[in-house]
Structures are given as structure tokens and as C-alpha cells.
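Taking it in order: structure first as C-alpha cells, then the write-up.
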Number of protein chains: 2
Amino acid sequence: MRDFSRSLPMSLLRAREAVMRQFRPSLREHGLTEQQWRILRALAAIDAVEVTELARTAFLLGPSLSRILRDLEARNLIERKTAKADQRRSMVSISKEGVKLMASVAPNSEAIYAEITRRFGARKLAELQDMLGALEQSLAELGGAEEASAEE
Amino acid sequence: MRDFSRSLPMSLLRAREAVMRQFRPSLREHGLTEQQWRILRALAAIDAVEVTELARTAFLLGPSLSRILRDLEARNLIERKTAKADQRRSMVSISKEGVKLMASVAPNSEAIYAEITRRFGARKLAELQDMLGALEQSLAELGGAEEASAEE
DNA sequence: GGGAGATACTTAACATGTTAAGTGAATGCG
DNA sequence: CGCATTCACTTAACATGTTAAGTATCTCCC
């Protein structure tokens, strides 16, 4: 069997960990986890979104997002209100405090990203991102098994 | 601020998820999680290892590994015995049952990997792995923040 | 040879990943 | 209309990620 330390999943895992290791300490100083930060960033770009759409954007599963939103709301970093037209949906937006927190984290975060880009090389970085996107595309149609068999 | 859906961490996360989505169902049918599978694969290649070394190989943190080994041992998929020379160390090895389980999972797993390779292209795959390795290298010296400042 | 410090784990505590089940609201269709 | 189905989310349950603290053992140096 193939040496698993050279398998694609392991390569991706290690690479991502190497990157995140750079960011986590800074986020931690501000009391934010990686996922919480993703959510705030996603919210910063827009006025308000439904939870489902936010899950798609921040690439989180519903249950994770549900918990995190509960906590972020308790910390007054986000706001929620149910949609008028459809009582099932709730619209999420970033709060004034959330914006302020982002402003205090962003510079540091940007600096780290710049340093990563500098070390790895901007061109190579773009290339890598293209390949990652292509990989995603390659596997997109393949789907995730639910159509693998007729069971369950 | 940079569109975060195009940030490197997100690209890596999505790519990895696209890949793992292919494997999880097959593993699940055999009652294995991704991490448990990583451990079995790491163990299959050798006779016995210390827990710390296994953690490095399978790219798991100590506490995660500790829990998983406890469960795998309860399921008789691995065996443990404390090293003679150093009572602190425990040597882990795969059991006969573990080998059998691996044998029943591996073919399917290999087939999936082959399909991914076919879709994405063997050459591109190798290229991607090289870049991921290079990225890791770029960030290796940078370390993980503990040397960022003198605090704590 | 004995105690301070280092090592190899394990436990604990909290946050997220993952799947399944639950809840309340909207929709469609007979 | 009415009710089965779908939809948007939440809760639950279990496994892992992550950091800190705990435990037992070992090392080294006085």
C-alpha cells in the first residue's frame, strides 16, 4: 500500500495546518477561534444572510454554525432577526462590536498573510490556489457517496 | 479586506474536504473514522512504535491519539505494551484483527484514490503534492508563534 | 542517592466535525 | 381546506482538535 504520509489527504492536512499555525495565536489573543473568525469575515462583506447561506460561505456544517452563532450572539458580536416573509429563516448580521473586533484583528492577520505570501512566493501561491480549485472541480461531479449505491 | 473565500486556508480546507468526502463513506461502512484509519495505516507499515512517534506519523495531537488508541485497543484492532527499558513509553502495534480489517478496506480505498488520480491527472497530482510540500517547508522555520513575542 | 527538572504519556475542559433526529413553519396537492 | 411533504434550522450524541494540567517515570547533576 502507498506510503500514507504522501497521500493527498495528508499533504493537504499538513499544508493547511502549517498555514493555520501562523494565524491561530493572533486570533487566540482576541478570543476568537478559526471558525468564529471565518464567520465574522463572511458577515463583514454583506449586510445580512440566512444561516444556510452563511454555512455555505463559511464552509461550516449547520450544527457547528448553529452553536457558534449562539455563542457569538451571546458575546454581542452578531445580531439575528427572523425574516418577515418566512418565519423559518433567520437573518444574521455582524454587530457594531463585531466590526470593531474585526478591525482590531485584521491588520495582524493581513500581515501574517503577507508574510506567508512573501515566503512562498505570490506567483506560486496563485498557482497553488488554481490547482486546489481544479481539484475541487474534478471531484465535484463525483459527489459524496450518497449515490454510490442504493442502500439506506 | 481580501475575499476570504479565496484565502489559502479556505482553499486548502475545501480541497481537502472534497477529497475526504470520497473516502468517508467507505471507511464508515467499516466502522472507521478518518483518524482511526490513519493510525491503522501508520501501524501497518511497521512492527511497533511509541505513541509520540505515532502521533507524529499520523499527524495527530497527543490527546486525540490517546483517546483513539484507547478505543482501538478496546476493539482489539491494536495492541499495547510498555517498553522494557523505559516504563513511560508504550509500544503500539496493529493486531491480527487490525490487519484483517485493513485488508477489507484497502481495496476500496485504493480504488477511490485511483479514481481521484484519474480525474485530476497523475502529473498534476504530483505537482500539487510538490507545491504543498514546498509550502510546508516555507512555513517550517517560521514556526508557530511561541517565538513571536516574549509573552507567556 | 536524592531531589529538581525533563519526558511520555493521560485526563480534563471546551470548541468543532459529523451524522441523525427533532421542531416549527411553509408548500403543494388532493 | 387539510394534511403529508419539504424546508430551515436546532438539538443531541459521539468523535476529534486544541490547550492546559496532571501523573508516573526517568535523567542528571550535586
Side-chain angles (χ1 to χ4, degrees), chain A residues 9 13-14 16-29 31-39 48-56 58-75 80-92 144-146 151-152, chain B residues 9 13-14 16-17 20-29 31-39 48-56 58-75 77 80-92 144-146 152:
Chain A
L13 181 57
R14 280 199 304 253
R16 185 173 143 79
E17 179 53 30
V19 173
M20 286 317 301
R21 193 194 307 286
Q22 311 303 320
F23 288 102
R24 262 192 285 269
S26 165
L27 292 177
R28 189 177 167 68
E29 279 178 28
L32 287 176
T33 65
E34 178 195 335
Q35 293 81 357
Q36 293 167 348
W37 177 238
R38 285 219 299 275
I39 291 172
V49 262
E50 302 169 20
V51 173
T52 301
E53 169 68 5
L54 181 56
R56 215 182 49 72
F59 208 70
L60 292 169
L61 293 178
S64 293
L65 184 53
S66 232
R67 280 179 305 216
I68 301 175
L69 288 180
R70 167 166 47 70
D71 299 348
L72 291 179
E73 190 174 20
R75 288 165 65 184
R80 259 199 286 204
K81 53 182 176 180
T82 55
K84 296 174 196 110
D86 187 339
Q87 300 288 77
R88 291 171 306 181
R89 298 165 200 268
S90 96
M91 303 302 288
V92 185
E146 60 279 5
E151 291 155 44
E152 130 184 74
Chain B
L13 180 58
R14 280 199 304 253
R16 186 174 142 80
E17 179 53 29
M20 286 316 302
R21 193 195 307 285
Q22 311 303 320
F23 289 101
R24 261 192 286 268
S26 165
L27 292 177
R28 189 175 167 68
E29 279 179 27
L32 288 175
T33 66
E34 179 194 334
Q35 293 81 356
Q36 293 167 348
W37 178 237
R38 284 218 300 273
I39 292 172
V49 262
E50 302 170 19
V51 172
T52 301
E53 169 68 7
L54 181 55
R56 215 183 48 73
F59 207 70
L60 292 169
L61 294 178
S64 294
L65 184 54
S66 232
R67 282 177 304 214
I68 300 175
L69 288 180
R70 167 167 47 70
D71 299 349
L72 291 179
E73 189 174 21
R75 287 165 66 183
L77 295 175
R80 259 199 286 202
K81 52 181 178 182
T82 54
K84 296 175 197 109
D86 188 339
Q87 301 287 80
R88 292 171 306 180
R89 298 165 199 269
S90 97
M91 303 302 288
V92 185
E146 61 278 5
E152 131 186 76

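These numbers come from a predicted model, not from an experiment. Chain identifiers are assigned alphabetically (A, B, ...) following the order of the sequence lines, protein sequences preceding nucleic acid strands; residue numbering begins at 1 within each chain.
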Is any side-chain heavy atom of A:L54 closer than 4.5 Å to a side-chain heavy atom of A:L69?
->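 Yes. Closest side-chain heavy atoms under 4.5 Å.
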
Are the side chains of A:E50 and A:R56 in touch, meaning some heavy atoms are under 4.5 Å apart?
-> no

Looking only at non-hydrogen atoms, find the nearest pair between [X] and [Y] and report the distance.
| X | Y | value |
| --- | --- | --- |
| B:S90 | B:R80 | OG-CD, 3.4 Å |
| A:G31 | A:R75 | O-NH2, 2.9 Å |
| A:R38 | A:F59 | NH2-O, 3.3 Å |
| A:L65 | A:L60 | CD1-CD1, 4.2 Å |
| A:P9 | B:M20 | CB-SD, 3.6 Å |

Can you identify which nucleotide, out of [options], has its nearest atom closest to the [X] side chain?
| X | options | value |
| --- | --- | --- |
| B:T33 | D:dT16, C:dA25, C:dT7 | D:dT16 |
| B:R24 | C:dT18, D:dT25, D:dC9 | C:dT18 |
| A:E17 | D:dT18, D:dA8, C:dA15 | D:dT18 |
| A:V51 | D:dA8, C:dT10, D:dC9 | D:dC9 |
| A:D71 | D:dC26, C:dT16, D:dC9 | C:dT16 |

Write down the distance between [atom1] ([X]) and [atom2] ([N]), rounded to a whole number of angstrom.
| X | N | atom1 | atom2 | result |
| --- | --- | --- | --- | --- |
| B:R89 | C:dT10 | CZ | P | 13 Å |
| A:E73 | D:dC9 | CD | C1' | 14 Å |
| A:D86 | C:dT23 | CG | P | 20 Å |
| A:L72 | D:dT10 | CG | P | 13 Å |
| A:M91 | D:dC9 | CE | C1' | 14 Å |
| A:Q87 | D:dT10 | CD | C1' | 16 Å |

Phosphate oxygens OP1/OP2 of [N]: is one of them under 4.0 Å from a side-chain N or O of [X]?
| X | N | answer |
| --- | --- | --- |
| B:R28 | C:dA20 | yes |
| B:T52 | C:dC9 | yes |
| B:R88 | D:dC26 | no |
| B:Q36 | D:dT16 | yes |
| B:R80 | C:dT10 | yes |

Where each residue is assigned the nucleotide of DNA chain C containing its nearest heavy atom, which of A:Q35 and A:A85 is assigned the position nearer the 5′ end?
->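 Looking at DNA chain C, the more 5' nearest nucleotide goes with A:Q35.
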
Taking only heavy atoms on the protein side, list every residue of residues 61-70 of chain B lying under 4.0 Å from any atom of DNA chain D, sorted numerically.
-> B:L61, B:P63, B:S64, B:R67, B:I68

